[in-house]
> 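Following this message is one structure expressed as structure tokens.
Letters A, B, ... mirror the listed sequences (proteins, then strands); counts begin at 1. Below, each value reflects all heavy atoms present in this structure, side chains not excepted, and no hydrogens, waters or symmetry copies.
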Amino acid sequence: MDNSDSSQDILVSVRNLSFSRGNQKIFDDISLDFERGKITAIMGPSGTGKTTLLKLIGGQLFPDQGSITVDGQNVHKLRRTELYNLRKRLGMLFQSGALLTDMNVYDNVAFPLREHTHLTESMIRTLVLMKLQAVGLRGARNMMPNELSGGMARRIALARAIALDPMMILYDEPFTGQDPISMGVLVHLIKSLNNILGLTSIIVSHDVHDTSAIADYIYVLSGGKIVGEGTPKEIQNSESEWVQQFMTGAADGPVHFHYPAKDYVDDLLSSGKRY
Amino acid sequence: MIQFLQYLGESTRTSFTKLGRGTYFLLQTVSGILSVLPRPRLLLTQMYSVGVMSFLIITISGLFVGMVLGLQGYYTLSDFGAEETLGVMVAASLVRELGPVVSALLFAGRAGSALTAEIGLMKATEQLSGMEMMAVDPIKRIMTPRFLAGLMSMPLLAALFSAVGIIGGQIIGSGLLGVDEGAYWSQMQASIDFRDDIINGVIKSIVFGFVTSWIALFEGYDAIPTSEGVSRATTRTVVNSAFSILGLDFILTTLMFGDD
């Protein structure tokens, strides 16, 4: 991988990142680049720290080693107000949506505008309705978050994420637990928002099919390392056994079906202790 | 033995770490006051849910505590032929001790537990984290208004408790048991001192409001973000608040009324 930090086309660059939680190493010296204007996907099995990577990029967690640069700024060297200013230009879509449950849909989308701008209520109304229209839920503005289906909640959260017209959106597992229709809606939305608004998108997902349909570039992570990278086509044709297993969903392969344990026969025959 | 020492050391260390985190949390919360003041609506909403929603439980409990005081006080005082001083006894007990303490205990059970559960669930559903990513400081936006609301509601609720209790005592004392109504009020007026009794009671309730809100918010913020974690945090709020209220009440009483 070339060291093109200063290149205009790279919006986020992760360099030699290591991060561990307790004794468990989540990332071991990885480097990734996210191109401006593109949709980049990070894939890998559950529990490989994909969400952790997003939190590192957003500055919510600190790496043990390495650096993350977003738009030329080293996220973890910023002072608090600078970090908050950077975050105003990032949108993050949480897996759960993370809507504020004590407000209705309208107020949720208006929340970042009311917190960060001094716009009048009538201007906020126009903006909120525009964002809701973009995700197709203008009619749901008076509903409370607990009345929304999972797919709707995610779309509202997306409307809220684009409320301040960010330069980049981080998607945390946007497709998990969605029925085919809302899945299709989300795939379409992510793609069209990225192109129409000129955003940069980072999608964290383990959904092979739908993610490769919209991603421009894919990183495959496992065990704290990058095991494969390339355009969706290159990944499909990857020679790595590991990537092949992940893409085809085979039950056994480099990733074993069995969690590490002692020998099966020994385990069954050993008696006396409960465990 | 070694194991016991290890356990002792470990738990001491854990509690001190928690105390440290709690103090840091408190400082952050208090430092948010300036950013809340220009937005009184945030505070008013919380005062409604923390304070106004506790009205009913405080009023009813105050009434019954006052009525019981009236009964018990009358039986004891009438043995000495001093039932005229029932008003003083009821008012002094309420204003000095029962008002601040019982209303703070009720407040911890009613509002404190609700705060912990609310914040804990906000954490579990990533709402706090989401706010951070929207560049909104959850401590200033969520914790500070709730903290201030608790701090300001507590003395008002304690005053309500005492006032209703005194009326309850009067209903039983002069309505049912025949203590002279004029004596009930005038003895009270003559003996209860504004500085010594009422102000000290108010100070107590402000301290209790401070501690209870702090514990409730911090336990929620520090909760393990699972159903079990939130339920444990809620329990800890009620238990720790009760201990702190009763312990602090003893200390404050010693300091305030020791010289009499």
> Quiz question: by atom type and distance under 3.5 Å, do the side chains of Ser205(A) and Thr211(A) form a donor-acceptor pair?
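Note: Ser205(A) and Thr211(A) side chains meet the donor-acceptor criterion.
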
> At under 4.5 Å between heavy atoms, what parts of residues 117-132 of chain A are in contact with chain B? List them by residue number.
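Interface residues of residues 117-132 of chain A: none, nothing closer than 4.5 Å to chain B.
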
> Are the aromatic ring centres of Phe210(B) and Phe147(B) under 6.0 angstrom apart?
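That pair passes the under 6.0 Å test.
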
> Quick one: what part of Leu83(A) sits under 4.5 Å from any heavy atom of chain B, side chain, backbone, both or neither?
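Neither the backbone nor the side chain of Leu83(A) comes within 4.5 Å of chain B.
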
> Hey, which of Arg141(A), Arg160(A), Arg114(A) is the one that makes salt bridge (charged side-chain N to carboxylate O under 4.0 Å, His left out) with Asp107(A)?
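Of the listed residues Arg141(A), Arg160(A), Arg114(A), the salt bridge (charged side-chain N to carboxylate O under 4.0 Å, His left out) partner of Asp107(A) is Arg114(A).
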
> Is the cationic atom of Arg110(B) (NZ for Lys, CZ for Arg) positioned less than 6.0 Å from the six-membered ring centroid of Phe107(B) and within 45 degrees of its normal?
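Output no; distance or angle outside limits.
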
> Counting heavy-atom pairs under 4.5 Å to chain B, which of Gln60(A), Gln95(A), Lys88(A), Lys55(A) comes out on top?
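Option with the top pair count is Gln60(A).
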
> State, with a plain yes or no, whether a side-chain heavy atom of Met154(B) is found less than 4.5 Å away from one of Ser103(B).
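Met154(B) reaches Ser103(B) side chain to side chain.
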
> Sort by residue number and list every residue of residues 123-137 of chain B having at least one heavy atom under 4.5 Å from chain A.
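Heavy-atom contacts from residues 123-137 of chain B to chain A are Thr125(B), Glu126(B), Gln127(B), Ser129(B), Gly130(B), Met131(B), Glu132(B), Met133(B), Met134(B), Ala135(B), Val136(B), Asp137(B).
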
> So do Pro63(A) and Gln65(A) actually touch side chain to side chain, heavy atoms under 4.5 Å?
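Counting from C-beta outward, Gln65(A) and Pro63(A) never come under 4.5 Å.
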
> Which heavy atom of Ser31(B) sits nearest to which heavy atom of Lys140(B), and what is that distance?
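What the structure gives for the nearest pair is O-CE, 4.4 Å.
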
> For atom NZ of Lys77(A), decide whether the heavy atoms of other residues, nucleotides or ligands shown that lie under 6.0 angstrom number more than 12.
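No, not enclosed.
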
> Identify the two heavy atoms, one from Leu113(A) and one from Ala163(A), that lie closest to each other, and give their separation to 0.1 Å.
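Result for this residue pair: CD2-O, 3.7 Å.
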
> With distance as the sole criterion, is a donor-acceptor pair present between the side chains of Asp172(A) and Thr51(A) under 3.5 Å?
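Yes, because at least one side-chain N or O of Asp172(A) sits under 3.5 Å from a partner of the opposite role on Thr51(A).
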
